[in-house]
Amino acid sequence: MQRAIFLVRSIQGIRKPTFRTRLISLINSNYQIVVLLAMTNFDDIWRSQREFQAVNLGSRQNIRVISLADIYADQEGIALKATDYLAPDFSSLKSYDSHSGKLLVTRFVDEDGNIVAESLFSEASTRLHTILFDKNSRIIQINNYDSNDHLFGIEKYANDFLDESLLLNASGQLVFRFTNYLQSQKTTYNITDSSVVPLPAELTEVSGQKDDQALKDYEAKGVSTITKATSYTNYRRYDDINAFYHQVLLNMDLENAQTYVDIDHLVEAAKYLPGKRIFNY
């Protein structure tokens with residue numbers, strides 16, 4: 001039986017019509033399919049699992065959905081240090097239950113009336129995550145749990161920015177640390193005066209151009225997020241998240257499997273998969 005793997009890095013990838021189209025084509029061709037939820041923002045995993053269940057595929061008999069936590073569950077790691085994460089005691093706090101749609105939310109409140117944390121539970125009453133807040137109600141940490149209430153991922157925030165994510169094995173040891181960095185970026189657009197597309201307000205005209213120039217240059221400035229990874233099994237460092245994903249695919253031993261990558265990430269992923277045939281969705 002032929003095999004295929006979908007490297008899913010975002011919820012948006014699952015929502016694409018081409019994602020469903022590719023899957024149905026492979027299902028009809030009797031492929032054995034792995035959908036790897038490879039996001040390092042671990043709180044997106046349970047959301048992605050729900051999004052995937054909502055995709056109308058007909059048969060799911062030959063499809064297996066896994067995450068990075070599943071791949072590295074048995075990998076050797078190191079013990080978490082006290083400075084790696086917060087582990088508050090909620091036993092002395094008041095708790096209040098409410099619902100987010102069909103899901104139960106339990107909030108823990110201190111004596112000053114501040115929400116210290118909130119836990120979200122599935123319909124089966126299993127914990128999905130616990131969010132920790134500071135005194136200004138900003139998220140400082142998210143603890144992510146699997147269906148067995150096992151903590152597999154810790155996300156640490158600084159000034160509302162996901163600073164780093166810690167991936168744990170089945171024994172609660174740290175196996176990977178993913179660190180995010182902001183990098184300034186600049187994009188140049190070439191636009192004619194006759195363009196039917198309205199000029200976005202955030203674009204600025206590049207100086208030094210002639211007034212009667214038919215094709216004018218405009219610039220947009222912004223920031224992008226770069227993710228680096230560190231292994232605590234062999235202490236290998238990955239300065240590009242795509243290099244890490246390459247290693248993940250090697251570890252999965254899918255030598256003859258067709259690899260499907262979101263078209264938004266195809267160019268940078270291809271640099272780390274030389275000689276490998278890659279499909280997009």
Side-chain angles (χ1 to χ4, degrees), residues 1-75 101-103 120-129 144-150 152-153 165 167-170 175-176 178 241-242 244-266 269-270 272-273 276-281:
M1 181 179 287
Q2 293 179 292
R3 298 185 296 175
I5 179 168
F6 284 74
L7 183 68
V8 180
R9 294 175 53 174
S10 69
I11 297 177
Q12 288 71 28
I14 293 176
R15 294 170 179 166
K16 290 185 173 182
T18 47
F19 176 72
R20 176 178 178 272
T21 302
R22 292 286 198 182
L23 276 173
I24 289 177
S25 175
L26 293 170
I27 291 170
N28 292 337
S29 299
N30 200 34
Y31 270 70
Q32 201 170 50
I33 304 166
V34 172
V35 176
L36 171 58
L37 302 179
M39 52 278 294
T40 57
N41 180 345
F42 302 131
D43 199 42
D44 280 348
I45 293 177
W46 70 269
R47 294 185 175 92
S48 297
Q49 290 169 336
R50 287 170 176 268
E51 292 271 355
F52 183 73
Q53 287 301 317
V55 177
N56 182 14
L57 296 174
S59 172
R60 295 173 181 262
Q61 183 176 350
N62 293 326
I63 300 178
R64 186 162 61 105
V65 181
I66 61 175
S67 69
L68 295 176
D70 298 315
I71 295 175
Y72 293 104
D74 298 324
Q75 193 85 35
K102 297 180 180 180
L103 304 182
L120 180 68
F121 298 86
S122 70
E123 293 90 344
S125 299
T126 57
R127 184 167 40 172
L128 297 171
H129 69 209
N144 300 277
Y145 300 84
D146 62 19
S147 58
N148 296 315
D149 200 40
H150 164 251
F152 74 86
S165 304
L167 180 67
L168 312 183
N169 63 17
V175 288
F176 277 99
F178 302 97
I241 190 64
N242 293 288
F244 165 75
Y245 287 137
H246 178 214
Q247 186 61 51
V248 171
L249 294 176
L250 290 177
N251 292 346
M252 294 180 70
D253 191 24
L254 298 173
E255 181 65 31
N256 298 318
Q258 294 183 5
T259 302
Y260 288 80
V261 178
D262 190 327
I263 194 171
D264 293 341
H265 308 293
L266 184 61
Y272 291 90
L273 297 171
K276 191 174 184 64
R277 192 178 181 190
I278 306 173
F279 301 84
N280 65 63
Y281 62 85

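For Asn144 (side chain) and Gly153 (main-chain N/O), a donor-acceptor pair under 3.5 Å exists by modelled atom type. Between the Ser29 side chain and the Ser25 main chain, a donor and an acceptor come within less than 3.5 Å of each other.
The shortest side-chain heavy-atom distance between Gln258 and Ile5 does not fall under the 4.5 Å cut-off. Inter-residue side-chain proximity for Ile24 and Leu57 is flagged as met; some heavy-atom pair is nearer than 4.5 Å. Using a 4.5 Å heavy-atom cutoff, the side chains of Ile66 and Met252 are in contact. Leu26 places a side-chain heavy atom less than 4.5 Å from the side chain of Phe6. With contacts defined as side-chain heavy-atom distances shorter than 4.5 Å, the pair Thr40/Phe176 does not qualify. Proximity of Ile45 to Met39: side-chain heavy atoms (C-beta onward) are separated by under 4.5 Å at one or more points. Using a 4.5 Å cut-off on side-chain heavy atoms (C-beta onward), Asp262 and Ser10 make contact. Side chains of Phe52 and Leu37 form no contact here, defined as non-hydrogen atoms less than 4.5 Å apart.
If you take CG on Leu68 and CG on Leu168, they are separated by 12.0 Å, rounding to the nearest 0.5 Å. Atom CG of Leu128 sits about 5.0 Å away from atom CG of Leu120, to the nearest 0.5 Å. Interatomic distance, Asn256 CG to Gln2 CD, rounded to the nearest 0.5 Å: 10.0 Å. One distance of note links CZ of Arg3 with OG1 of Thr259; it measures 10.5 Å at 0.5 Å rounding. In this structure, OH on Tyr31 lies 11.5 Å from CE on Met1, to the nearest 0.5 angstrom. Expressed to the nearest 0.5 Å, how far CD of Gln49 lies from CD1 of Ile11 amounts to 10.5 Å.
At most 12 heavy atoms of other shown residues, nucleotides or ligands fall within 6.0 angstrom of atom CG in Asp74. Summarising the local packing, CD of Glu123 is surrounded by more than 12 heavy atoms from other residues, nucleotides or ligands at distances under 6.0 Å. Counting non-hydrogen atoms of neighbouring residues, nucleotides and ligands closer than 6.0 angstrom, the CD1 atom of Ile263 reaches no more than 12 such neighbours.
For Ile14 against Phe19, the heavy-atom pair with the smallest separation is O-CD2, 3.5 Å. Between Thr18 and Tyr281, the shortest heavy-atom contact is OG1-C, 3.1 Å. Here the shortest heavy-atom pairing between Ser59 and Ile27 reads O-CD1, 3.4 Å. Here the closest heavy-atom approach between residue Val261 and residue Ala269 is recorded as CG1-CB, 4.2 Å. Shown here for Phe152 and Asp146, the closest heavy-atom pair between the two residues is CD2-N, 3.7 Å. Nearest heavy-atom pair, Ser147 versus Thr126, reported as atom, atom and distance to 0.1 Å: O-CG2, 3.5 Å.
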### Task
Given side chain to side chain contact (heavy atoms under 4.5 Å, CB included), test Ile33 with Arg64 step by step and report yes or no.
CA-CA 6 Å; Ile33 304 166; Arg64 186 162 61 105; over 6 Å; no

### Message
Could you walk me through whether Leu36 and Leu7 satisfy the side chain to side chain contact (heavy atoms under 4.5 Å, CB included) test, starting with their C-alpha distance in whole Å, then the side-chain angles of each, then the deciding distance to 0.1 Å, before giving a yes or no?
### Response
CA-CA 5 Å; Leu36 171 58; Leu7 183 68; 3.7 Å; yes

#### Entry: side chain to side chain contact (heavy atoms under 4.5 Å, CB included) between Leu23 and Tyr260, intermediate numbers included
CA-CA 10 Å; Leu23 276 173; Tyr260 288 80; over 6 Å; no

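Checked for salt-bridge contact, Asp264 and Lys16 meet the test: a charged N lies under 4.0 Å from a carboxylate O.
Note on ring orientation: taking the six-membered ring where Trp is involved, the planes of Phe178 and Phe42 are perpendicular (angle over 60°, cut-offs 30° and 60°).
Using modelled atom types, one finds a donor on one side chain and an acceptor on the other under 3.5 Å when comparing Arg9 with Asn242.
Under the 6.0 Å cut-off for aromatic ring centres, Tyr245 and Tyr272 do not qualify, their centroids lying 6.0 Å or more apart.
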